[in-house]
Amino acid sequence: MPTTGRDLAIATARQPVLTAMSESIDCIVIGAGVVGLAVARRLAMSGRETAVIEAETAIGMHTSSRNSEVIHAGIYYPQGSLKARLCVAGREALYDYCAARHVPHRRTGKLIVASDETDLDRLRQIQQAALRNGVDDLRWVDAQELRALEPSVRAIAALLSPSTGIIDSHELMTTLQSDLEAAGGTVVCNSPFVRGGHDAQGLYVDIGGDTRATVHCRQLVNAAGLAAPTVAAAIDGLDPATLPRAYFAKAHYFSYQGRSPFSRLVYPLPTDGGLGVHATLDLSGQTRFGPDVEWIDSVSYDFDEARKPGFVASIRRYFPDLEPERLQP
């Protein structure tokens with residue numbers, strides 16, 4: 001869901017000019033995606049002078065606005081991992097935040113389906129792994145109950161996750177930005193990070209764009225998303241052995257025109273690198289299918305319509321009545 005013209009106009013109107021940033025500031029956050037905005041919000045609300053620098057013309061132009069907009073329950077992650085711990089705690093914190101700040105969202109629930117007998121063991125393994133992660137509300141659904149819940153889905157069993165939901169990612173980001181600014185923080189777009197390091201005055205950041213500047217700070221947060229490895233490599237003094245590598249997995253989505261065949265999210269079993277071509281809903285009830293996974297060498301948003309037959313085959317495993325002509329990139 002790329003940023004719309006309306007979103008861009010709102011975000012751009014809020015941006016202070018770079019010269020408004022002092023030569024020294026307490027905290028600089030690189031990247032105005034959902035993570036950068038959330039981190040900056042908390043820093044500013046704790047009383048710290050905080051600025052977010054963003055290379056693009058508006059907030060959330062990359063991964064934060066190009067995803068399924070799902071609030072995940074924490075089902076799949078390795079036990080004890082940060083993802084497992086933070087997803088379970090984070091989903092409840094996010095639901096509470098959305099309710100308090102009136103961010104559009106809904107607990108739709110999610111079904112993970114077993115298409116045939118060979119899938120049953122993996123489905124049980126997923127249930128046990130989720131329980132170890134603290135996801136204790138998953139429920140086994142047999143074929144009869146599944147038909148009652150989702151008549152269009154064909155499967156022999158499923159796991160129902162009532163804690164899974166959907167969210168308006170744009171409203172979430174603009175609300176985080178509003179909180180940040182209310183606490184005295186700023187978001188400065190068209191201001192790419194160039195390099196950073198230490199000098200006699202402490203930590204510095206060179207900022208590019210129309211108005212170039214060097215700004216000193218006490219704390220620097222790398223929340224640059226897809227660009228985070230590149231940013232890390234441009235900070236002098238970091239041990240090269242600790243720098244992360246970049247791996248780019250490109251995903252495609254197809255919307256399904258007309259009335260949605262589902263009232264919940266519907267997922268097949270996970271695949272390598274992703275959760276399989278699943279069906280999600282947006283807050284208006286529109287269905288979209290995806291993502292698939294295509295490993296590439298660099299960031300690209302080109303859409304390959306030749307992948308549609310693969311989508312059709314994957315979707316028909318759990319939705320045999322799919323009408324391919326209703327799939328739109």
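Just so it is clear, the values below take in all heavy atoms, side chains as well, and ignore hydrogens, waters and symmetry mates.
For the residue pair N67/Y253, the side-chain donor-acceptor check at 3.5 Å is not satisfied. Side-chain atoms of E150 and S263 include a donor-acceptor pair closer than 3.5 Å. Side-chain contact check for S255 and Q257: at least one donor-acceptor pair (N or O, by modelled atom type) lies under 3.5 Å.
Test V29, T175, T50, L176 against R41 for side-chain contact (heavy atoms from CB on, under 4.5 Å) and you get one pass: L176. Of the candidates P268, S314, P270, P268 is the only one forming a side-chain contact (heavy atoms from CB on, under 4.5 Å) with H278. When the options L220, D236, V215 are evaluated for a side-chain contact (heavy atoms from CB on, under 4.5 Å) with Y204, the one that passes is D236. Of the residues listed (Y267, F262, F311), the one engaging F319 in a ring pair (Phe, Tyr, Trp, His ring centres under 6.0 Å) is F262, and it is the only one.
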*Report the C-alpha separation of Y256 and F289 in whole Å, then their side-chain angles, then the decisive distance to 0.1 Å, and conclude whether the ring-ring contact (aromatic ring centres under 6.0 Å, His included) test is met.*
CA-CA 7 Å; Y256 199 57; F289 291 100; 5.6 Å; yes

*For side chain to side chain contact (heavy atoms under 4.5 Å, CB included), just list the numbers for E294 and R307, CA-CA rounded to whole Å, side-chain angles, deciding distance to a tenth of an Å, and then say yes or no.*
CA-CA 10 Å; E294 178 189 4; R307 301 180 76 85; 3.7 Å; yes

*Verdict with reasoning, V103 to L94, per side chain to side chain contact (heavy atoms under 4.5 Å, CB included)*: CA-CA 10 Å; V103 177; L94 184 54; over 6 Å; no

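Atom CG of D210 sits in a sparse spot, with 12 or fewer heavy atoms from other residues, nucleotides or ligands closer than 6.0 Å. When the shell of 6.0 Å around CZ of R122 is examined, it contains more than 12 heavy atoms from other residues, nucleotides or ligands. Under a cut-off of 6.0 angstrom, the local environment of CD in E325 is crowded, with over 12 non-hydrogen atoms contributed by other residues, nucleotides or ligands. Counted within 6.0 Å of CZ on R42, heavy atoms from surrounding residues, nucleotides or ligands total 12 or fewer; the atom is thus considered open. The environment of NZ in K83 is sparse: at most 12 heavy-atom neighbours from other residues, nucleotides or ligands sit within 6.0 Å.
We find that D321 and R316 are not joined by a salt bridge, their nearest charged nitrogen and carboxylate oxygen being 4.0 Å or further apart. Using a cutoff of 4.0 Å between basic side-chain nitrogens and carboxylate oxygens, R107 and E92 are scored as salt-bridged. Using a 4.0 Å cut-off between a side-chain N of Lys or Arg and a carboxylate O of Asp or Glu, E323 and R326 qualify as a salt bridge. Of the charged side-chain nitrogens involved, none lies within less than 4.0 Å of a carboxylate oxygen, so that R101 and E171 do not count as a salt-bridged pair. Salt-bridge check for D297 with K250: failed, with every basic side-chain N at 4.0 Å or more from each acidic carboxylate O.
L327 is listed as a side-chain neighbour of K308, based on a closest heavy-atom distance under 4.5 Å. Residues I71 and I166 are not in side-chain contact: their nearest non-hydrogen atoms beyond the backbone lie 4.5 Å or more apart. Inter-residue side-chain proximity for S64 and S169 is flagged as unmet; no heavy-atom pair is nearer than 4.5 Å. Within the 4.5 Å cutoff, the side chain of T57 has no heavy atoms near those of the C189 side chain.
In terms of heavy-atom proximity, A73 sits nearest to V88 at O-CG2, 3.8 Å. For the pair Y77 and N133, the tightest heavy-atom approach, listed with the atom from each and the gap, is O-ND2, 2.9 Å.
Cation-pi contact between R288 and F254: absent, since separation from the ring centre below 6.0 Å together with deviation from the ring axis within 45° is not met.
Here the SG-CD distance, from C27 to E49, works out to 9.0 Å after rounding to the nearest 0.5 Å. T108 contributes atom OG1, which lies 9.0 Å from atom CG of L283 (distance to the nearest 0.5 angstrom).
Remark: side-chain polar atoms of R48 are not paired, donor with acceptor, to backbone N or O of M45 under 3.5 angstrom. At distances below 3.5 Å, not a single donor-acceptor pair connects side-chain atoms of R132 with backbone N or O atoms of Q79.
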